[in-house]
Amino acid sequence: MATTLPRNADVAEQLELLADLLEIEGEAAFRVLAYRRAAQRVRDTGGPVAQLALDGKAKELPGIGATIQDKIVQIVNTGEIEALSKRRKTIPPEVVDFLRIPGLGPKTVRKIWQELGVSTLAELKSAARDQRLRTLPGLGAKVEENILKSVGRKKKATGPPRTLLGQALPALLAVVDVLREHRAAERVSEAGSARRRRETVRDLDIIATASDPAALTDYFTKLSWVAEVAAKGPTKATVESHEGFRFDLRVVPPDCYGNLLQHFTGSKDHNIALREDAQRRGLSVSEYGVTETESGKVFTAETEEELYERLGYAFIPPELRENGGELEAARRGELPELVETGQLRGDLHTHSHWSADGKNTLVEMVEAAGDRGYAYYAITDHSHYLREDRLEAQAKEIDRLAKRVAPLKLLKGVEVNIKADGTLDMPDELLAERDWVVASIHTAFQREPTERVIAAMENPHVDVIGHLTGRKLSRREPMEIDIERVVEKALETGTFLEINSQPDRLDLSDVNARLAGEAGVKIVVSSDAHQLKALDYVDFGIAQARRGWLTPDQIANTRTWAQLRKLMKK
DNA sequence: GCCGTTTTCGGCCCGACTGTTTTCAGTCG
């Protein structure tokens with residue numbers, strides 16, 4: 001029954017929990033790692049892995065073998081992996097939560113649980129308060145202090161929340177600028193998941209070379225906005241800002257800046273795969289250089305390009321470094337030429353004061369679009385604010401403005417709502433008068449969203465589906481959209497799919513964007529701007545497209561309007 | 001548990017920091 005298949009996120013969650021439980025049991029580290037890797041692979045896969053497992057094809061995914069495939073089938077059949085059910089009976093549920101406390105790893109958790117019989121967070125707290133933890137070898141006052149501090153703060157127990165890239169990146173780049181001003185600083189760059197432009201980030205990573213690393217590290221920990229210094233050494237420090245951002249700084253000598261930047265940009269999975277591959281070739285890779293195991297000879301790189309070349313790869317753009325096949329592609333010289341922000345010729349999803357939630361007037365928005373150098377610009381105010389005479393009034397204003405802003409081509413668009421029953425809330429004859437139609441779901445997210453989207457795509461006037469899954473990062477889960485059926489219908493009908501650039505949407509996700517792109521669906525990158533500065537959000541949308549391996553050819557609005565029209569329905 | 005231009009068995013990334021220690025295990029990224 002296709003409708004009851006577990007989602008990839010659910011499968012991954014079970015694999016991760018099993019890994020945690022095995023680790024607490026003291027299982028061999030590599031088996032634990034195998035489950036974690038499999039979980040990550042499931043998360044990064046576009047289509048339903050449960051279906052692949054049923055078809056016996058899940059084991060073709062890297063990191064998933066026959067054993068884990070069987071366990072995924074168990075989830076389909078009984079709802080849970082057997083080995084997981086079994087261990088749940090012996091390990092108290094809250095003991096797993098101990099792992100979320102900073103400084104507590106599996107070894108320590110196991111010791112506390114087994115030797116002191118502590119099995120809930122409340123018991124853990126009182127054991128710390130009563131100074132009973134320090135009776136265990138290897139544990140002292142500091143651990144107790146740490147537990148008392150973290151257990152009280154509920155949020156901390158699950159780690160700091162992930163922040164939207166759209167909020168974190170400006171803060172990160174500002175700190176980078178401040179560090180560049182220091183006399184000891186030579187080169188400073190953002191790194192980590194923010195440099196890879198992941199949609200949300202946790203730690204904000206900065207790397208640097210410096211004439212005096214200790215001085216720069218020290219300066220970093222003493223900046224005025226630092227609320228807490230979590231770790232500090234001569235070449236590495238971690239601090240937390242008052243806003244709650246965690247910044248990591250790491251400093252190395254200038255001649256291995258390329259090695260460091262590559263190392264600290266990650267992802268972890270990319271680096272592990274790269275190092276395993278290097279090791280098979282007799283090379284050991286670290287942030288300081290590439291060492292030939294035999295001779296002990298060390299190769300350092302001032303740039304990432306040199307480093308990847310030394311290891312036998314084409315340069316891999318940061319957005320692709322997720323161990324999603326980029327290493328193999330780079331080895332063969334088959335990486336895609338990724339789309340860039342400057343290649344967008346127009347914005348095809350924008351709002352003005354004609355939408356009640358639009359913050360700027362039509363004139364202001366259009367002039368800003370002109371300043372960006374766009375060739376075309378679609379005004380797609382919400383359909384429900386354009387009832388009766390308002391629609392005509394808005395159209396007239398666009399017409400007047402169009403003459404003034406030529407050669408910028410203004411498109412009379414609309415964002416039409418897909419209603420709960422799958423029909424659109426603007427009649428076809430009015431849609432037909434519009435140059436560009438975005439159809440989106442804004443309500444009744446549980447009501448058969450796939451069927452409704454498919455119905456919308458069958459409408460000959462609908463050009464693109466807006467923010468397909470309706471997710472709001474860290475606020476609203478995506479709708480249960482069957483992406484493969486949507487992709488199939490998009491190809492059949494010639495409907496585009498949007499990458500919505502709003503920092504809390506970024507919808508399509510990177511995984512879905514890649515899936516759609518590979519299938520041949522054309523993607524539109526749009527700002528969905530409701531105010532002037534939101535026009536810049538396309539930078540995030542383009543980053544998302546790059547993370548989806550998309551080339552300019554796959555992005556419809558890298559084309560001229562004349563070229564784009566030829567791709568549209570009929 | 002997974003995987004293979006040295007292997008279907010025997011390996012499995014690498015280094016920094018912390019706390020508790022007199023040389024290191026555990027944790028973290």
Side-chain angles (χ1 to χ4, degrees), chain A residues 15 18-19 22-23 26-41 58-72 81 83 98-112 133-147 159-160 191-193 201-205 207 213 217 229-238 246-252 256 259-260 262-291 293-294 311-312 323 327-328 331-332:
Chain A
L15 291 171
L18 182 56
L22 288 171
E23 198 171 33
E27 183 56 77
F30 296 116
R31 251 181 105 203
V32 173
L33 187 65
Y35 281 110
R36 296 236 162 90
R37 284 181 168 184
Q40 187 64 42
R41 178 64 55 203
K59 63 180 185 326
E60 289 167 20
L61 296 169
I64 296 179
T67 307
I68 289 182
Q69 173 169 281
D70 284 350
K71 288 184 159 57
I72 297 173
I81 300 171
F98 294 2
L99 289 174
R100 313 283 166 250
I101 297 168
L104 291 195
K107 301 272 168 58
T108 316
V109 167
R110 178 184 168 79
K111 223 186 303 186
I112 293 172
L133 296 179
R134 66 183 68 178
T135 62
L136 297 173
L139 297 188
K142 203 77 185 179
V143 173
E144 291 172 344
E145 196 184 304
N146 200 5
I147 287 171
S193 52
V201 294
R202 187 162 290 162
D203 298 322
L204 302 177
D205 298 311
I207 64 143
T217 310
V229 179
K232 187 188 170 194
T235 64
K236 186 180 173 198
T238 302
R246 274 171 81 89
F247 293 88
D248 278 333
L249 171 67
R250 195 143 167 196
V251 191
V252 289
C256 53
N259 304 87
L260 181 77
Q262 194 284 324
H263 165 82
F264 223 5
T265 296
S267 66
K268 187 178 167 181
D269 290 340
H270 173 85
N271 284 353
I272 289 175
L274 177 131
R275 287 165 181 202
E276 282 175 351
D277 194 34
Q279 209 190 38
R280 285 193 283 272
R281 293 157 204 268
L283 300 169
S284 170
V285 179
S286 83
E287 57 266 57
Y288 300 113
V290 178
T291 309
T293 322
E294 288 272 305
L311 295 172
N323 195 27
L327 288 165
E328 295 80 354
R331 177 77 70 199
R332 296 193 303 263

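In what follows, chains are A, B, ... by sequence order, proteins preceding strands, each numbered from 1.
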Any side-chain N or O of A:Gln69 below 4.0 angstrom from OP1/OP2 of B:dG1? no
Quick one: CG on A:Asn323 to CG on A:Leu274, what's the gap to the nearest 0.5 Å? 9.5 Å
Specify the separation, in whole Å, of atom CG of A:Leu33 and atom P of B:dC13. 7 Å
In whole angstroms, the gap separating P of B:dT21 from CZ of A:Arg134 amounts to 11 Å
Return no unless some side-chain N or O of A:Tyr288 is found under 4.0 Å from OP1 or OP2 of B:dA16. yes
Within 6.0 Å of NZ in A:Lys232, more than 12 heavy atoms from elsewhere: yes
Rounded interatomic separation in angstrom, taking CD1 from A:Ile112 and C1' from B:dG19: 14 Å
Interatomic distance at C1', B:dT22 relative to B:dC9, whole Å: 40 Å
Quickly work out the A:Ile72 CD1 to B:dG1 C1' distance and round it to whole Å. 13 Å
Let me confirm one number: the CG-CD1 distance from A:Leu33 to A:Ile272, rounded to the nearest 0.5 Å. 6.5 Å
Is any side-chain N or O of A:Thr67 closer than 4.0 Å to OP1 or OP2 of B:dC2? yes
For a quick check of understanding: with a heavy-atom distance under 4.0 Å over all strands, which category does A:Ala273 fall into, base, sugar-phosphate or nothing? nothing
Under 4.0 Å protein heavy-atom contact, by nucleotide of nucleotides 24-29 of chain B - B base, S sugar-phosphate only: --SSSB
Integer-rounded Å distance: B:dC3 C1' and A:Arg31 CZ: 16 Å
Distance in angstrom units between A:Asp277 CG and B:dG4 P, rounded: 10 Å
Rounded to the nearest 0.5 Å, how far does CZ of A:Arg246 lie from CZ of A:Arg202? 10.0 Å
May I ask you to say what A:Ile68 touches in the nucleic acid, namely base, sugar-phosphate or nothing, with a heavy-atom cut-off under 4.0 Å? sugar-phosphate
B:dC13 phosphate, OP1 or OP2: any side-chain N/O from A:Ser284 under 4.0 angstrom? no
Rounded to the Å, how far apart are A:Arg41 CZ and B:dG1 C1'? 15 Å
Could you measure the distance from the CG atom of A:Asn259 to the CD atom of A:Glu287? Nearest 0.5 Å is fine. 9.0 Å
Nearest to the side chain of A:Lys142, heavy atoms from C-beta on, is which of B:dG19, B:dC14, B:dG1? B:dG19
If the threshold is 4.0 Å, N to carboxylate O, is there a salt bridge linking A:Asp277 and A:Arg331? yes
Distance between P atoms of B:dT21 and B:dA16 (Å, rounded): 24 Å
Determine the Euclidean distance between corresponding C1' atoms of B:dC13 and B:dG29; express it in Å to zero decimal places. 12 Å
Nearest-nucleotide check on DNA chain B, A:Gly282 vs A:Val285; residue mapping nearer the 5' end is A:Gly282
Between B:dG1 and B:dT5, how far is it from one C1' atom to the other, in whole Å? 24 Å
How long is the straight-line distance from CD1 of A:Ile101 back to CD1 of A:Ile112, given to the nearest 0.5 Å? 8.0 Å
In whole Å, measure the gap between the P atoms of B:dC3 and B:dT8 for me. 16 Å
Take atom P in B:dT6 and the same atom in B:dC2, then report the distance between them in whole Å. 23 Å
Check whether any side-chain nitrogen or oxygen of A:Thr238 sits under 4.0 Å from OP1 or OP2 of B:dA16, and answer yes or no. no
Partner of B:dG26 under the Watson-Crick or G-U wobble criteria, both distances under 3.5 Å, comes out as B:dC17
Closest nucleotide among B:dC17, B:dT20, B:dC13 to the A:Val143 side chain: B:dT20
Please list, chain by chain and in numerical order, all residues satisfying salt bridge (Lys or Arg N to Asp or Glu O under 4.0 Å) with A:Arg275, sequence neighbours excluded. none
A:Leu139 near the nucleic acid: base, sugar-phosphate alone, or nothing, with a heavy-atom cut-off under 4.0 Å? sugar-phosphate
Need to verify one output field. Residue with the more 5' nearest nucleotide on DNA chain B, A:Ala237 or A:Arg280? A:Arg280
Base, sugar-phosphate alone, or nothing: which one does A:Val32 contact when heavy atoms must sit under 4.0 Å apart? nothing
Pairs flagged by side chain to side chain donor-acceptor pair (under 3.5 Å) wherever residues 29-40 of chain A is involved - sequence neighbours left out: A:Asp20-A:Arg36, A:Glu23-A:Arg36, A:Glu27-A:Arg31, A:Arg37-A:Glu276, A:Gln40-A:Asp44
On a whole-Å scale, what distance lies between the P atoms belonging to B:dT20 and B:dG26? 14 Å
B:dC17 and B:dC12, which share atom name P, separated by this distance in whole Å: 25 Å
Atom pair distance, as rounded to whole Å: NE2 in A:His270 and C1' in B:dC14: 15 Å
